[in-house]
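Everything below concerns the one structure shown next.
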Amino acid sequence: YREKAADPWSATNPSFKDAGTYTVHYKVVKANHVDYEGSAVVSIGKAMLTATFGGKEAVYSGTPVALAADVGPFVGGETAEGLAAAGDYAAPTVPNANVDVGTYPIAPEGGSARNYWFSYVGGDLVINPAEQTGVSAPDVTVDYDGDPHSISVTQTGGTVRYGTALGVYNLSAPPEYVGAGTYVVHYKVVKANHVDYADSATLTIGRAGLPKPAADATEFVYDGTERTYAPGGFAAATMRIYDERRTDAGTQTVTVSIRD
(Lines give C-alpha, C1' and ligand atoms only; values in the text may rest on other atoms or scores of the structure.)
Protein backbone atom coordinates (compact mmCIF):
# COMPACT_ATOMS: atom_id res chain seq x y z
CA TYR A 1 0.00 0.00 0.00
CA ARG A 2 0.99 3.58 -0.37
CA GLU A 3 -0.77 6.97 -0.10
CA LYS A 4 1.14 8.70 -2.88
CA ALA A 5 2.31 7.41 -6.18
CA ALA A 6 5.85 8.44 -5.35
CA ASP A 7 5.90 6.63 -1.99
CA PRO A 8 7.49 3.19 -1.63
CA TRP A 9 5.13 0.24 -1.28
CA SER A 10 4.40 -1.05 2.21
CA ALA A 11 2.71 -4.13 3.59
CA THR A 12 0.83 -1.96 6.09
CA ASN A 13 -2.60 -0.78 5.06
CA PRO A 14 -2.78 2.91 6.10
CA SER A 15 -5.57 4.01 8.42
CA PHE A 16 -7.00 7.47 9.01
CA LYS A 17 -8.76 9.20 11.91
CA ASP A 18 -9.29 12.81 11.01
CA ALA A 19 -12.08 14.01 8.76
CA GLY A 20 -11.01 14.30 5.15
CA THR A 21 -10.61 12.44 1.85
CA TYR A 22 -7.70 10.06 1.40
CA THR A 23 -6.54 8.02 -1.63
CA VAL A 24 -4.91 4.67 -0.93
CA HIS A 25 -2.93 3.03 -3.70
CA TYR A 26 -2.56 -0.73 -3.59
CA LYS A 27 -0.80 -3.46 -5.57
CA VAL A 28 -1.58 -7.16 -5.64
CA VAL A 29 1.37 -9.40 -6.44
CA LYS A 30 0.51 -12.98 -7.38
CA ALA A 31 2.75 -15.73 -8.69
CA ASN A 32 2.41 -16.36 -12.36
CA HIS A 33 0.25 -13.27 -12.73
CA VAL A 34 0.76 -9.72 -13.78
CA ASP A 35 0.87 -7.33 -10.82
CA TYR A 36 -2.47 -5.61 -10.27
CA GLU A 37 -2.48 -1.99 -9.18
CA GLY A 38 -5.41 0.16 -8.18
CA SER A 39 -6.58 2.76 -5.73
CA ALA A 40 -9.51 3.45 -3.42
CA VAL A 41 -10.77 6.59 -1.72
CA VAL A 42 -11.42 6.77 2.02
CA SER A 43 -13.78 9.59 3.05
CA ILE A 44 -14.26 10.48 6.72
CA GLY A 45 -16.97 13.04 7.33
CA LYS A 46 -16.98 15.43 10.25
CA ALA A 47 -19.09 14.49 13.28
CA MET A 48 -21.78 16.84 14.48
CA LEU A 49 -21.50 18.89 17.66
CA THR A 50 -24.51 20.77 18.99
CA ALA A 51 -23.90 24.10 20.70
CA THR A 52 -26.83 24.84 23.00
CA PHE A 53 -27.68 28.00 24.88
CA GLY A 54 -30.28 26.77 27.33
CA GLY A 55 -31.40 30.21 28.45
CA LYS A 56 -30.49 32.32 31.47
CA GLU A 57 -32.11 34.71 33.91
CA ALA A 58 -30.17 37.66 35.27
CA VAL A 59 -30.84 40.82 37.26
CA TYR A 60 -30.19 44.17 35.60
CA SER A 61 -26.67 45.40 36.35
CA GLY A 62 -26.02 47.94 33.61
CA THR A 63 -23.52 45.69 31.82
CA PRO A 64 -24.02 42.79 29.38
CA VAL A 65 -24.21 39.33 30.93
CA ALA A 66 -21.48 36.88 29.86
CA LEU A 67 -23.05 33.79 28.28
CA ALA A 68 -21.71 30.39 27.24
CA ALA A 69 -22.99 27.38 25.29
CA ASP A 70 -22.98 23.71 26.20
CA VAL A 71 -21.30 21.74 23.40
CA GLY A 72 -21.45 18.00 22.67
CA PRO A 73 -21.35 15.12 22.12
CA PHE A 74 -17.69 14.51 21.42
CA VAL A 75 -16.69 11.09 20.09
CA GLY A 76 -13.95 8.63 20.91
CA GLY A 77 -13.31 10.00 24.39
CA GLU A 78 -12.31 13.39 23.07
CA THR A 79 -12.97 16.50 25.14
CA ALA A 80 -13.21 20.18 24.35
CA GLU A 81 -10.25 20.89 26.64
CA GLY A 82 -8.04 18.25 25.06
CA LEU A 83 -8.83 19.30 21.49
CA ALA A 84 -8.35 22.97 22.33
CA ALA A 85 -4.95 22.22 23.87
CA ALA A 86 -3.96 20.54 20.62
CA GLY A 87 -5.18 23.50 18.59
CA ASP A 88 -8.01 21.49 17.02
CA TYR A 89 -11.00 23.20 18.67
CA ALA A 90 -12.37 26.65 19.44
CA ALA A 91 -15.69 26.85 21.26
CA PRO A 92 -18.73 28.62 19.81
CA THR A 93 -19.67 31.87 21.48
CA VAL A 94 -23.00 33.25 22.67
CA PRO A 95 -23.01 36.93 21.67
CA ASN A 96 -24.80 39.34 23.96
CA ALA A 97 -24.85 43.13 24.06
CA ASN A 98 -28.23 43.39 25.76
CA VAL A 99 -28.39 45.43 28.96
CA ASP A 100 -31.96 46.61 29.56
CA VAL A 101 -34.73 44.65 31.21
CA GLY A 102 -36.46 42.33 28.76
CA THR A 103 -36.45 38.92 27.09
CA TYR A 104 -33.96 38.30 24.28
CA PRO A 105 -33.76 35.19 22.07
CA ILE A 106 -30.08 34.38 21.52
CA ALA A 107 -28.35 31.56 19.63
CA PRO A 108 -24.71 30.44 19.76
CA GLU A 109 -22.54 31.10 16.75
CA GLY A 110 -19.09 30.41 15.35
CA GLY A 111 -16.67 27.88 16.72
CA SER A 112 -14.23 25.66 14.82
CA ALA A 113 -13.10 22.06 15.10
CA ARG A 114 -10.92 19.91 12.90
CA ASN A 115 -13.25 16.93 12.92
CA TYR A 116 -16.65 18.39 13.79
CA TRP A 117 -19.45 20.45 12.31
CA PHE A 118 -21.61 22.62 14.55
CA SER A 119 -25.35 22.97 14.88
CA TYR A 120 -26.86 25.64 17.10
CA VAL A 121 -29.79 25.70 19.51
CA GLY A 122 -30.78 29.04 21.00
CA GLY A 123 -32.61 30.09 24.14
CA ASP A 124 -33.88 33.19 25.95
CA LEU A 125 -31.90 35.60 28.04
CA VAL A 126 -34.26 37.16 30.58
CA ILE A 127 -33.05 40.33 32.32
CA ASN A 128 -35.18 41.14 35.36
CA PRO A 129 -35.42 44.57 37.03
CA ALA A 130 -33.11 45.29 39.94
CA GLU A 131 -34.18 46.54 43.34
CA GLN A 132 -33.63 50.22 43.92
CA THR A 133 -31.11 51.24 46.56
CA GLY A 134 -30.25 54.54 48.15
CA VAL A 135 -33.85 55.77 48.40
CA SER A 136 -34.76 57.57 51.61
CA ALA A 137 -37.31 60.01 52.93
CA PRO A 138 -36.97 60.73 56.65
CA ASP A 139 -39.92 61.79 58.74
CA VAL A 140 -40.06 65.53 59.37
CA THR A 141 -41.03 67.25 62.61
CA VAL A 142 -41.30 71.06 62.87
CA ASP A 143 -43.19 73.59 64.92
CA TYR A 144 -45.80 75.77 63.29
CA ASP A 145 -44.23 78.90 61.83
CA GLY A 146 -46.75 79.95 59.19
CA ASP A 147 -44.63 78.58 56.33
CA PRO A 148 -45.44 75.52 54.17
CA HIS A 149 -43.55 72.30 54.92
CA SER A 150 -43.27 68.89 53.29
CA ILE A 151 -41.05 65.80 53.06
CA SER A 152 -37.96 65.33 50.89
CA VAL A 153 -37.14 62.15 48.95
CA THR A 154 -33.51 61.32 48.20
CA GLN A 155 -32.88 59.09 45.17
CA THR A 156 -30.76 58.91 42.02
CA GLY A 157 -31.87 58.60 38.42
CA GLY A 158 -35.56 58.04 38.93
CA THR A 159 -38.81 60.01 38.86
CA VAL A 160 -40.72 60.60 42.08
CA ARG A 161 -44.51 60.81 42.26
CA TYR A 162 -46.42 61.72 45.39
CA GLY A 163 -49.87 61.21 46.85
CA THR A 164 -51.93 61.68 49.96
CA ALA A 165 -53.53 58.22 49.81
CA LEU A 166 -51.86 54.81 49.69
CA GLY A 167 -51.42 53.59 46.13
CA VAL A 168 -52.39 56.90 44.54
CA TYR A 169 -49.43 58.86 43.17
CA ASN A 170 -51.01 61.71 41.25
CA LEU A 171 -48.73 64.57 42.27
CA SER A 172 -45.46 65.56 40.64
CA ALA A 173 -44.33 67.54 43.71
CA PRO A 174 -44.68 66.72 47.40
CA PRO A 175 -47.80 68.20 48.99
CA GLU A 176 -47.16 71.05 51.41
CA TYR A 177 -48.87 71.75 54.72
CA VAL A 178 -48.98 74.82 56.96
CA GLY A 179 -51.25 74.13 59.92
CA ALA A 180 -50.38 72.06 62.96
CA GLY A 181 -51.13 68.39 62.50
CA THR A 182 -49.76 65.02 61.33
CA TYR A 183 -49.63 64.30 57.60
CA VAL A 184 -48.62 61.09 55.82
CA VAL A 185 -47.12 61.64 52.37
CA HIS A 186 -46.94 58.60 50.09
CA TYR A 187 -44.37 58.46 47.31
CA LYS A 188 -43.22 56.15 44.52
CA VAL A 189 -39.88 56.21 42.70
CA VAL A 190 -39.98 54.96 39.11
CA LYS A 191 -36.59 54.18 37.59
CA ALA A 192 -35.75 52.47 34.30
CA ASN A 193 -34.70 48.82 34.67
CA HIS A 194 -35.60 48.82 38.37
CA VAL A 195 -38.51 47.70 40.48
CA ASP A 196 -40.75 50.61 41.53
CA TYR A 197 -40.00 51.76 45.06
CA ALA A 198 -42.98 52.87 47.15
CA ASP A 199 -43.03 54.10 50.73
CA SER A 200 -44.28 56.95 52.87
CA ALA A 201 -42.97 59.58 55.28
CA THR A 202 -44.73 61.49 58.03
CA LEU A 203 -44.73 65.25 58.44
CA THR A 204 -45.60 66.45 61.92
CA ILE A 205 -46.22 70.16 62.49
CA GLY A 206 -46.44 70.93 66.17
CA ARG A 207 -48.35 73.82 67.69
CA ALA A 208 -46.20 76.90 68.15
CA GLY A 209 -45.80 78.37 71.62
CA LEU A 210 -47.44 81.75 72.16
CA PRO A 211 -45.51 84.44 74.01
CA LYS A 212 -46.70 85.26 77.52
CA PRO A 213 -48.01 88.82 77.92
CA ALA A 214 -45.59 90.94 79.90
CA ALA A 215 -46.65 92.01 83.38
CA ASP A 216 -48.18 95.46 83.17
CA ALA A 217 -48.93 97.54 86.27
CA THR A 218 -51.31 100.06 84.71
CA GLU A 219 -52.59 102.84 87.00
CA PHE A 220 -55.67 104.99 86.68
CA VAL A 221 -56.88 107.95 88.77
CA TYR A 222 -60.37 107.55 90.15
CA ASP A 223 -62.89 109.75 88.35
CA GLY A 224 -66.10 107.83 88.91
CA THR A 225 -66.09 106.11 85.47
CA GLU A 226 -65.52 102.44 84.76
CA ARG A 227 -62.01 101.70 83.62
CA THR A 228 -61.17 98.83 81.24
CA TYR A 229 -57.74 97.28 80.81
CA ALA A 230 -56.53 95.36 77.69
CA PRO A 231 -52.88 94.36 77.15
CA GLY A 232 -51.17 95.45 73.95
CA GLY A 233 -49.36 93.33 71.38
CA PHE A 234 -52.12 90.80 70.62
CA ALA A 235 -55.14 90.79 68.37
CA ALA A 236 -58.37 91.08 70.32
CA ALA A 237 -59.71 87.90 68.73
CA THR A 238 -56.86 85.86 70.25
CA MET A 239 -57.39 87.03 73.83
CA ARG A 240 -59.72 86.14 76.64
CA ILE A 241 -59.61 88.74 79.40
CA TYR A 242 -61.01 88.26 82.91
CA ASP A 243 -61.64 90.91 85.59
CA GLU A 244 -60.60 93.74 83.30
CA ARG A 245 -63.23 96.29 84.49
CA ARG A 246 -63.19 98.40 87.68
CA THR A 247 -64.69 101.69 88.86
CA ASP A 248 -63.68 102.09 92.51
CA ALA A 249 -60.22 102.90 93.68
CA GLY A 250 -58.12 99.87 94.51
CA THR A 251 -55.87 97.21 93.07
CA GLN A 252 -57.17 94.47 90.75
CA THR A 253 -55.45 91.61 88.94
CA VAL A 254 -56.45 91.18 85.29
CA THR A 255 -55.99 87.68 83.82
CA VAL A 256 -55.32 87.26 80.08
CA SER A 257 -55.23 83.99 78.15
CA ILE A 258 -54.03 83.76 74.56
CA ARG A 259 -55.31 81.20 72.11
CA ASP A 260 -54.11 80.36 68.60
Side-chain angles (χ1 to χ4, degrees), residues 56-66 96-104 124-218 228-244 253-260:
K56 183 180 180 68
E57 284 199 32
V59 175
Y60 171 80
S61 66
T63 58
V65 181
N96 175 43
N98 300 295
V99 173
D100 293 333
V101 168
T103 299
Y104 306 93
D124 288 338
L125 168 64
V126 179
I127 302 178
N128 295 312
E131 296 290 338
Q132 293 192 54
T133 59
V135 180
S136 64
D139 294 337
V140 177
T141 300
V142 297
D143 286 333
Y144 172 79
D145 58 7
D147 293 329
H149 296 277
S150 191
I151 67 164
S152 177
V153 177
T154 299
Q155 57 86 34
T156 302
T159 300
V160 186
R161 301 287 295 180
Y162 305 86
T164 56
L166 180 63
V168 179
Y169 309 99
N170 57 347
L171 303 174
S172 59
E176 296 182 327
Y177 301 91
V178 176
T182 299
Y183 309 93
V184 177
V185 179
H186 301 271
Y187 64 91
K188 179 172 71 172
V189 183
V190 179
K191 184 176 181 180
N193 296 308
H194 291 76
V195 178
D196 291 351
Y197 184 97
D199 205 345
S200 64
T202 300
L203 167 65
T204 302
I205 302 177
R207 291 175 178 267
L210 292 172
K212 180 180 179 180
D216 182 6
T218 300
T228 302
Y229 171 76
F234 296 92
T238 67
M239 295 188 294
R240 287 189 178 181
I241 306 174
Y242 306 90
D243 300 325
E244 76 276 23
T253 299
V254 179
T255 304
V256 181
S257 65
I258 309 297
R259 64 179 183 274
D260 60 8

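- Closest approach of P129 to V59, counting heavy atoms only: O-CG1, 4.0 Å.
- V140 and I151 make their closest contact through CG2-CA, 4.2 Å (heavy atoms, listed as atom of the first residue, atom of the second, distance).
- Remark: the backbone N or O of T182 is not paired with any side-chain donor or acceptor of T204 at under 3.5 angstrom.
- Residues Y177 and V142 have side chains not in contact (no heavy-atom distance under 4.5 Å, counting atoms from C-beta outward).
- Taking 4.5 Å as the limit, every side-chain heavy atom of T253 sits out of range of all side-chain heavy atoms of D243.
- In this structure, Y104 and N96 have side chains that are not in contact, with every pair of non-hydrogen atoms separated by 4.5 Å or more.
- Scanning both residues, K56 and V65, for their nearest heavy atoms gives CE-CG1, 3.6 Å.
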Please list every donor-acceptor pair under 3.5 Å in which a side-chain atom of residues 188-196 meets a protein atom from a residue at least two apart or in another chain.
from	atom 1	to	atom 2	distance (Å)
K191	NZ	T156	O	2.9
N193	OD1	V101	N	2.8
N193	ND2	D100	OD1	3.1
H194	ND1	A192	O	2.8

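- Proximity of I205 to Y183: side-chain heavy atoms (C-beta onward) are separated by under 4.5 Å at one or more points.
- Among pairs with a residue in residues 127-143, those fulfilling side-chain hydrogen bond (donor to acceptor under 3.5 Å, both in side chains) read E57-N128, at least two apart in sequence or across chains.
- Under the side chain to side chain contact (heavy atoms under 4.5 Å, CB included) test applied with V160, the options V135, L171, V153 reduce to a single match, V153.
- The shortest heavy-atom contact between A201 and A137 is CB-O, 3.4 Å.
- Within the 4.5 Å cutoff, side-chain heavy atoms of Y162 are placed close to those of P175.
- By the ring pair (Phe, Tyr, Trp, His ring centres under 6.0 Å) test, Y169 is found to be paired with no residue, residues two or more places apart in sequence or in another chain being considered.
- Side-chain atoms of D124 never come within 3.5 Å of backbone atoms of V126 as a donor-acceptor pair (strictly under, hydrogens ignored).
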